[in-house]
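Written out below as structure tokens is the structure these notes cover.
Here is how names work: the chains are called A, B, and so on, in the same order as the sequence lines, proteins then strands, and each is numbered from 1.
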Amino acid sequence: MIAAALTTQDVDQIFVLIKHALLACVPAALQPIASAVLSIIPILVAFPLLFAITTVLERKGLGRMQNRYGPNRVGPAGFFQPIADGIKSLTKEDVVPLSADHAVHFLAPILLVIAAFLGYAVLPIGRNMVLVNLNAGVLFFFAVGSVVELSVFMAGWSSRSKYSLLGAMRAIAQMISYEVPLVLASVVVIMQAGSLSLVTIVESQSGYTGIFPHWYLFTPWGIAGFILFMIAATAESNRSPFDLPEGESEIIAGYFIEYSGFKFALFFLAEYLGMFATSSLAITLFLGGWAAPLSFLTFIPSYVWFFLKLLVLICFFIWIRGTLPRLRMDQLMGFAWKFILPMALLNIFVAGLWRFLPAGPLNSIRWLVCIGVLAAPCIVLSFSLKQKKKLLVRTYHFAE
Amino acid sequence: MSTLTLPTPFLSPEPGHEERLLEISMGPQHPSTHGVFRMNVVLDGERVVRLKPVFGYLHRNHEKIAENETYLSSMPYTDRLDYICSLTNNWGYALAVEKLAGITVPERAEYLRVITGELTRLLNHACLLGFLLQDMGASGTPLMYAFREREKILDLFEALTGARMMCNYMRFGGCRVDTPAGWLDQARKVVAEFPRFLDEFEKLLVSNEILMERTQGVGVLSRELAISSAISGPMARASGLNYDIRKVDAYGIYPRFTFRVPLGKHGDVYDRYMIRFLEMRESLKILNDALRDIPAGPIIDPKSKPRGFRPKPGEAYGRIEAPKGELGFYLISDGSPNPYRYRVRPPSLINLTVLEDLCLGHNVADVVVILGSVDIVLGEVDR
Amino acid sequence: MTAPFLILAALAVAGTAAAMGLRNGVHCVLALTVGFAALAALYLQLGAQFVGFTQIMVYVGAVAILAVFAIMMTHHPGLIEAPFSRNWLWGAVIAAAVFATLARAISLGTASAPSAPPEPSATVNQIGDALMHRYILPLEIVGLLLTAALIGAVIIAIDPKDREESE
Amino acid sequence: MIGNGILKGLAETARNFFGSYVSKDRLTTVQYPEQHIPQIEATRDFPFLVYDGADWESGMRCVACQICEKECPPKCILITKSTDKKPDAVGKPQFYPAVFDIDISVCMSCQICVEVCPFDAIKMDVQFDLPTDDRFGGLLLDRHKLAKSNEYYHQIHPTEATAVDTALAAERAKAAAAKAAAATPKPAAPAAPAPAAPKPASSTATPAPAPVAPMPVKPAEPPIKPLASESSKPGETK
């Protein structure tokens with residue numbers, strides 16, 4: 001009976017409706033607090049759960065790419081593995097180095113996790129499902145992201161270990177370097193949408209032409225911006241091939257080498273939360289947020305689309321991790337400052353060009369011009385590398 | 001951060017910079033030191049200013065033990081030198097003893113030695129490339145592919161010798177057992193399928209830009225330094241040194257096979273990587289020929305006996321082209337059942353001597369990659 | 001004076017006071033960061049989102065990190081040997097003078113008038129408009145200055161050996 | 001064009017990802033406690049002592065000659081000779097080991113003892129799951145623990161065991177003939193009749209296996225410890 005009464009719109013808004021129903025039971029004086037709690041709890045549940053699922057997916061996916069099974073012992077097809085891991089990390093001894101700065105050492109993982117969670121406050125997870133619709137949502141997101149750097153430094157410095165210090169230095173340098181292109185890559189969207197509010201940005205992409213959506217991805221600057229954003233996001237969340245701060249084969253675990261037990265798990269949690277958050281931002285900025293990819297698919301609830309898109313991006317991250325070797329520190333910085341940053345600036349120029357070039361019948365010319373401007377430096381770079389005989393597959397001669 | 005003063009560094013930092021140096025100890029417990037190897041690295045930022053290799057954590061007194069054992073009893077110990085390539089170690093030792101005692105090897109045994117030796121080269125190079133990429137942070141994917149292929153070769157070894165890694169297969173004057181029925185066919189199948197792995201590997205990583213960026217121009221070993229430091233094996237050949245003992249000494253029946261020796265030009269990590277890659281293709285040629293031509297016949301010289309083996313007084317140095325380089329065994333006999341002197345020339349150790357020269361001025365991350373490209377096995381370095 | 005304001009103000013004062021009082025340099029910076037964050041929260045409370053988030057981004061994300069790096073680069077990371085100068089009396093006099101000036105300015109200013117807080121009207125759009133129209137020249141000058149500083153920093157950072165090679 | 005190699009690599013890992021669901025060749029993992037790889041006949045692990053007949057003590061082939069003790073590279077064998085004698089596998093009265101210990105925590109499975117044994121008394125086992133919670137005693141196997149029947153030997157190394165039996169039967173026949181020639185009133189009664197001694201296929205006395213059996217041999221349910229899996233087919237997850 002209830003199922004019959006529910007329209008697709010109700011299903012779409014079911015969490016919002018439940019929240020309102022629950023709020024009605026609370027005395028009016030407590031309603032602001034209750035509202036906040038009811039909004040925060042789903043996020044505190046959903047994303048750590050996603051973290052748990054991702055760890056299994058990642059291990060199984062990597063395993064399959066490497067022609068292994070991956071974890072398959074705990075629960076059905078190994079999907080209860082995170083529970084076992086969680087119990088393990090909770091019951092492990094918490095070793096703190098004797099010379100460590102205990103207070104800072106203790107605070108670092110907590111601050112890191114808090115910072116990682118804060119970013120979700122402005123992300124619209126579904127239609128009408130955003131914690132706070134801030135006027136300067138994008139700015140808030142990046143501001144919170146900068147707190148991560150500080151906590152990484154706290155972790156690395158307070159451990160009093162050379163490896164952690166090296167790892168923290170690498171991490172901070174990398175995060176600061178890639179934050180610039182990350183922001184610049186999102187600036188194009190802000191320019192187009194004319195707002196820093198993520199809700200407005202999603203709404204501005206919500207129309208359809210025929211069955212195809214108006215995502216910013218389907219513009220030249222959108223594609224370029226998305227690629228640049230994802231590269232920067234990979235680096236920002238310390239994922240392979242930019243996982244130098246952890247650099248397992250070089251500096252073992254980087255800034256959290258001296259952590260054990262649950263604190264170690266917190267670092268992993270924060271890292272994955274950061275990855276989800278930046279991916280979510282990418283979805284919001286370029287992939288239409290919670291909007292359905294084709295107009296006739298709108299009957300599926302918006303939050304389902306959001307998480308599906310997120311899963312696709314996560315799988316892409318896993319795929320990249322299974323394939324590529326790691327860059328070196330100087331190459332990483334060079335890549336950020338010499339390639340990604342100029343390309344992001346060029347992309348802003350292209351976005352302006354796109355805005356002022358006439359649309360309509362000359363649309364294809366607009367496309368060609370924009371793509372040409374973006375592709376030219378890449379082609380020049382490839383050509384000049386060839387001229388300099390760099391990055392070439394060499395030929396070898398043989399002695400009989 | 002520890003401070004230290006430098007006596008006479010190779011690459012001296014700017015004056016006043018000494019205090020900023022960071023000395024870190026990589027190893028003996030470290031994910032990418034290939035065993036229990038330690039490097040005391042002095043860093044200026046992330047740049048290596050000094051590097052001191054520390055080894056001996058795996059020292060097992062191999063040479064002294066061998067001097068107190070019979071000749072035959074040392075054979076299983078040679079398995080444990082370079083524990084990835086036990087069969088080539090066996091071969092080197094058997095060759096030295098055969099030289100010492102003047103034993104000949106029957107034809108079928110020679111073929112079996114070539115087949116097992118080249119299979120060993122395949123698995124060593126495949127694993128090395130996997131490990132090298134693991135050191136570069138490729139999350140184990142190439143390594144797992146290499147291990148998948150290695151498994152097939154190890155199955156062959158187990159069927160032939162009874163053990164997967166510690167084969168203990170060769171004897172003075174031949175080999176211990178003949179091939180079981182169907183072994184040669186299975187070996188042919190493995191060899192025929194191996195190029196598929198090489199193609200896969202090539203597609204996966206040979207043209208990868210990140211790999212090239214990481215390896216080209218890193219850890220350059222000049223031809224002159226390679227010669228003056230007695231570097232051998234793929235490492236020397238990557239520096240353009242045409243020195244392959246299979247060609248130079250023409251030991252065993254190698255002259256019967258046509259194969260080419262790939263030579264590098266730059267001597268950097270990328271060349272060392274590619275030379276090994278190309279060598280695998282050449283090994284496959286040898287294997288195809290050997291598996292086609294292997295004759296029937298005895299597998300061990302009838303004069304060779306397991307008990308009471310006493311070579312006449314004298315000395316001998318037998319060497320082979322092991323996958324890692326020139327593996328030599330030097331023996332002095334005084335006519336007793338034990339060698340009077342037993343000495344191994346391990347390719348890993350001697351190739352490792354240039355590590356500091358290769359690493360200076362590079363990054364910590366490069367140190368790991370350079371060490372990986374030297375291809376060491378600590379069982380052999382420390383003995 | 002609402003409760004959130006009191007808490008945040010207390011946090012800001014405590015953070016900055018700890019930054020002066022702590023003996024460990026890195027601890028000082030971390031305490032200062034707490035002060036910055038509390039200040040940012042105060043801005044947010046006043047409805048100035050842009051300023052608040054910029055405060056976090058610039059001060060917590062950049063300035064604190066910069067300060068930390070500066071401390072690490074000095075010879076003795078960690079302990080500061082003599083945190084109190086012998087001329088502390090002069091410091092106290094100057095601090096008192098500054099406080100008196102500011103207090104007088106505030107007490108004379110219009111802000112002290114106990115009127116209802118104005119509606120927060122400075123949206124991001126308006127700030128952008130103001131920067132791009134009215135204050136375009138100062139903005140460009142600041143941008144040029146920062147670019148020059150950036151290039152200068154890069155030149156200083158280049159290794160002398162590399163510089164010789166490139167020349 | 002830059003980025004080409006990276007895309008090629010991505011395509012390759014994707015191919016392997018899907019390939020691992022389709023091709024057995026790609027997913028070679030054997031899930032150990034449930035699955036076992038087929039036993040390879042030549043496999044060797046730790047030595048054991050062969051006995052003929054039903055009684056391990058009287059049927060033991062070892063004559064305590066101590067050659068293996070001397071030749072053992074890591075010196076993990078300890079033998080004490082008996083004071084009295086008992087008939088050996090051929091029927092001659094011989095010493096027997098009063099103590100025969102192998103410390104398998106020292107043993108390196110090199111098979112030298114098997115090679116040097118003139119009596120085919122010590123052979124290599126295939127059993128590898130020998131965990132124990134007793135660090136010192138548990139891994140020190142005495143002669144009772146080491147003694148395994150000839151039937152077991154046939155199960156784990158059929159080709160080799162057949163060759164050994166053939167050679168032993170020939171020697172026994174020779175010994176019987178010698179005894180008959182010496183006109184002893186009592187005919188030789190071997191301590192243990194060779195179990196189903198097959199017809200001599202070759203007259204060589206070396207234990208070189210004749211290339212008869214196909215290479216990977218699955219033992220037909222050995223009585224000691226089932227090595228073959230009883231559970232799911234390989235390639236299946238739980």
Side-chain angles (χ1 to χ4, degrees), chain B residues 65-66 69-70 72-77 79-80 138 141-142 144-145 147-149 151-152 155-164 166-168 171 176-183 185-186 193 196 199-212 298-300 305-308 337, chain D residues 1-13 15-17 19-20 25-30 37-45 65 67-68 70-75 108-118 124 126 157 159-160 206-217:
Chain B
I65 288 175
E69 298 259 13
T70 60
L72 179 61
S73 295
S74 294
M75 185 60 90
Y77 280 122
D79 288 339
R80 282 135 180 101
T141 309
M144 285 297 155
Y145 294 170
F147 270 30
R148 189 187 68 209
E149 299 308 311
E151 201 58 23
K152 294 172 188 161
D155 279 345
L156 280 181
F157 285 174
E158 186 176 5
L160 178 63
T161 71
R164 301 171 79 76
M166 303 296 133
C167 294
N168 183 21
R171 289 291 173 267
R176 200 183 71 223
V177 288
D178 204 347
T179 55
W183 190 87
D185 287 333
Q186 199 179 335
E193 281 174 0
R196 243 183 49 197
D199 294 343
E200 190 178 280
F201 212 87
E202 189 165 351
K203 270 190 232 145
L204 179 63
L205 282 162
V206 166
S207 60
N208 187 310
E209 281 84 2
I210 298 181
L211 176 107
M212 287 193 263
I299 49 141
I300 192 155
K305 47 186 179 173
R307 295 183 291 266
Chain D
M1 187 70 189
I2 204 151
N4 209 359
I6 290 174
L7 293 180
K8 255 200 250 171
L10 283 172
E12 198 53 38
T13 39
R15 216 161 63 86
N16 271 285
F17 178 82
S20 70
D25 203 36
R26 290 203 189 277
L27 198 65
T28 49
T29 313
V30 174
I37 49 169
Q39 185 73 51
I40 293 176
E41 201 188 332
T43 304
R44 58 181 145 93
D45 253 299
C65 66
I67 291 177
C68 54
K70 250 186 249 120
E71 289 282 344
C72 176
K75 305 276 179 272
M108 56 187 201
S109 312
C110 65
Q111 212 181 14
I112 295 278
C113 51
V114 177
E115 270 169 74
V116 298
C117 181
M124 297 308 278
V126 293
H157 302 304
T159 324
E160 196 185 299
T206 51
V212 184
M215 191 190 38
V217 174

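Using a 4.5 Å cut-off between heavy atoms, R15(D) contacts chain B through its side chain alone, with no backbone atom that close. Heavy-atom distances place both the backbone and the side chain of E200(B) under 4.5 Å from chain D. For chain B, no part of L10(D) is nearby; none of its heavy atoms comes within less than 4.5 Å. No part of C113(D) comes within reach of chain B, as not one of its non-hydrogen atoms sits under 4.5 angstrom from that chain. Interface residue T43(D): backbone and side-chain heavy atoms are both found under 4.5 Å from chain B.
Of the listed residues S74(B), A66(B), C167(B), the one with more heavy-atom pairs under 4.5 angstrom with chain D than any other is C167(B). No other option in R164(B), E193(B), R171(B) has as many heavy-atom pairs under 4.5 Å with chain D as R171(B).
With N208(B) contributing its side chain and I6(D) its backbone, the two residues share no donor-acceptor pair below 3.5 Å. Although no hydrogens or angles enter the test, the distance criterion places a donor-acceptor pair under 3.5 Å between the side chain of S73(B) and the main chain of E71(D).
A salt bridge links K75(D) with E69(B): the closest approach of a Lys/Arg side-chain nitrogen to an acidic carboxylate oxygen falls below 4.0 angstrom.
Between the CD atom in E158(B) and the CD1 atom in I40(D) there is a gap of 4.0 Å [rounded to 0.5 Å]. Distance check, rounded to the nearest 0.5 Å: OG1 of T161(B) to CZ of R44(D) gives 5.5 Å. Residue S109(D) holds its OG atom at 10.5 Å from CE of M166(B), rounded to the nearest 0.5 Å. Atoms CE and CD, from M75(B) and Q111(D) in turn, are 13.0 Å apart once rounded to the nearest 0.5 Å. If you take NZ on K70(D) and OG1 on T70(B), they are separated by 11.0 Å, rounding to the nearest 0.5 Å.
Looking at Y77(B) and P74(D), their side chains come closer than 4.5 Å, going by heavy atoms from C-beta outward. Counting heavy atoms from C-beta outward, E12(D) and F201(B) have side chains that stay 4.5 Å or more apart. Contact check for P76(B) versus I112(D): side-chain heavy atoms found under the 4.5 Å cut-off. Counting only heavy atoms from C-beta outward, the side chains of T13(D) and Y145(B) approach each other to under 4.5 Å. Taking 4.5 Å as the limit, every side-chain heavy atom of N16(D) sits out of range of all side-chain heavy atoms of T141(B).
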Original post:
What's the verdict on side chain to side chain contact (heavy atoms under 4.5 Å, CB included) for R176(B) and E115(D), showing C-alpha distance, side-chain angles and the deciding distance?
Top reply: CA-CA 9 Å; R176(B) 200 183 71 223; E115(D) 270 169 74; 3.0 Å; yes

